[in-house]
Amino acid sequence: MATTTAPLARDEARERSRKRAARRNLRSALLFLSPWIVGFTVFTAWPLVYSAYLSLTDYDVIRNPRFVGFDNYARLTEDPKVLMSLGNTAFYTLVQIPLYIVVALGLALLLNRAGRRAGLFRTLFFLPKMTPPVAVGILFLLLFNGQNGLVNGALRTVGLPGPSWTTDPAWIKPGLILMSLWTVGSSVLILLAALQNVPTELYESTRLDGARFWRQSWSVTLPLISPALFFIVVVNTIAGLQTFDEAYTAFFGAGNTTYSNDAALFYVIYLFQQAFEFLHMGYASAMAWLLFALILVVTGVQLLVSRRLVYYEGGQR
């Protein structure tokens, strides 16, 4: 009997020891993760939950929140500026993303051909990304000034009339789109890394088959860098739908009333005005959740489309 119970006792002891070790590892992991957990709870999870609650209330910071149900969401459908700001944001995003991708890919292709000399240019292309967004907004007003801006000055040297970028509603968003290319450097570096991972043997094989540059780009380059392209499209789409800093600095900051600004009224700017200028915190929270839903839907559609267009190693799409 003793010989039978001894192995069982040893197994039970080992199991208890294993469980104690697992609990110690769990406590250690939680201890190391605790700064992130506290930060996520205080600065992300709780604000999300509280903003969802505020979206169902009438709250102006001064008085206590008053529950109004879904009145704020119903008001969104009746507010003409919501539709206008959404239209401005959609136009900006739909035009800016393709142009941004084309410029980033073109620069990445040039750098890929530069060889060892690309190091300096990588640094130069990335430096504008470090410029504060507020400074970019001020730079926009300086470069795109209709009278003596650098852009119009360059256009006049080639005999082209420069538009009123900052006062003509038809040119405000195109000007902001062009200005967004100032920070294209980070995407250039991502695409350059993807290009440098394309096997050169594939180009040699296509050249033997008589393929020229455009055929190689379409059949080899684009499929193999499609994951990087998809990442840039998703990230910049989310950023485009949340455009705020540059446009607000140029057209709304510090009581700016010099320029026509309805064409620059993006959705997040209108949300900011409702929250911090008009103190309609409940309504602004409802606007924030509408934006979250739109970004979720757009990103979901992009993920579905990527299954057919994005190529991953191993032949999977």
Side-chain angles (χ1 to χ4, degrees), residues 76 79-106 128-129 131-156 160-187 232-274 277 287-288 290-291 294-295 297-299 301-302:
L76 289 174
D79 189 343
K81 283 199 170 185
V82 168
L83 184 60
M84 181 183 68
S85 61
L86 281 175
N88 290 338
T89 304
F91 177 87
Y92 175 89
T93 304
L94 290 173
V95 177
Q96 189 259 357
I97 296 301
L99 181 62
Y100 188 94
I101 293 295
V102 169
V103 173
L105 183 57
K129 182 67 176 179
T131 308
V134 173
V136 176
I138 297 173
L139 185 64
F140 169 81
L141 295 178
L142 295 175
L143 293 178
F144 288 85
N145 186 280
Q147 301 299 321
N148 52 17
L150 183 62
V151 174
N152 279 4
L155 291 174
R156 281 193 292 269
L160 295 176
S164 300
W165 300 96
T166 57
T167 56
D168 187 347
W171 286 99
I172 287 177
K173 285 189 289 292
L176 289 169
I177 290 169
L178 291 176
M179 195 65 205
S180 70
L181 301 179
W182 175 260
T183 58
V184 76
S186 58
S187 297
I232 293 173
V233 168
V234 171
V235 170
N236 283 278
T237 300
I238 295 173
L241 292 173
Q242 299 180 81
T243 299
F244 175 80
D245 298 319
E246 295 86 349
Y248 185 83
T249 301
F251 294 98
F252 300 91
N256 188 347
T257 58
T258 305
Y259 303 105
S260 173
N261 51 28
D262 275 352
L265 184 65
F266 294 117
Y267 187 81
V268 175
I269 293 177
Y270 187 49
L271 189 159
F272 178 86
Q273 289 177 336
Q274 290 292 331
E277 293 182 14
M287 291 183 65
L290 174 61
L291 179 62
L294 290 174
I295 291 176
V297 170
V298 170
T299 306
V301 171
Q302 290 175 329

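Residue numbers start at 1 and run along the sequence shown.
With contacts defined as side-chain heavy-atom distances shorter than 4.5 Å, the pair L241/L294 does not qualify. Side-chain contact check for M179 versus L139: some heavy-atom pair is nearer than 4.5 Å. Using a 4.5 Å heavy-atom cutoff, the side chains of L155 and P163 are in contact. Taking the side chain as every heavy atom from C-beta outward, I295 and Q242 approach each other to under 4.5 Å. In this structure, F252 and L265 have side chains that are in contact, with non-hydrogen atoms separated by less than 4.5 Å. A heavy-atom distance below 4.5 Å is not found between the side chains of L271 and F244. Looking only at side-chain heavy atoms (C-beta outward), I269 and F251 stay at 4.5 Å or farther from each other. Two residues are said to be in side-chain contact when any heavy atoms from C-beta on lie closer than 4.5 Å; T249 and F140 fail this criterion.
The nearest pair of heavy atoms linking T89 to Y267 is OG1-N, 2.9 Å. The two residues I172 and A264 make their nearest non-hydrogen contact at CG2-CB, 3.8 Å. The heavy-atom pair separating Y92 from S180 by the smallest distance is OH-CB, 3.4 Å. Of all heavy-atom pairs spanning G162 and N152, the tightest one is CA-OD1, 3.4 Å. S186 and Y100 make their closest contact through OG-OH, 4.1 Å (heavy atoms, listed as atom of the first residue, atom of the second, distance). Closest approach of P98 and T93 over heavy atoms only: CD-O, 4.3 Å.
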- Task: Test V268 against L291 for side-chain contact (heavy atoms from CB on, under 4.5 Å), laying out the working first.
- Result: CA-CA 9 Å; V268 175; L291 179 62; 3.8 Å; yes
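In this structure, L143 CG and I138 CD1 are separated by 12.0 Å, a value rounded to the nearest 0.5 Å. The line from OG1 of T166 to CG of L141 is 6.5 Å long, rounded to the nearest 0.5 Å. Rounding to the nearest 0.5 Å gives a distance of 5.5 Å between OG of S85 and CE of M287. Atoms CG and CE, from D79 and M84 in turn, are 9.0 Å apart once rounded to the nearest 0.5 Å. Between atom CG of residue L178 and atom CH2 of residue W171 there is a gap of 8.5 Å, rounded to the nearest 0.5 Å. Separating the CG atom in L142 from the CG atom in N148 is a distance of 9.0 Å, to the nearest 0.5 Å.
Between F272 and Y248, the angle of the ring planes goes over 60°, which puts this pair in the perpendicular group of the 30/60° scheme.
Atom CD of Q147 is surrounded by 12 or fewer heavy atoms from other residues, nucleotides or ligands within 6.0 Å.
For N236 (side chain) and I232 (main-chain N/O), a donor-acceptor pair under 3.5 Å exists by modelled atom type. Between the D262 side chain and the K81 main chain, no donor and acceptor come within less than 3.5 Å of each other.
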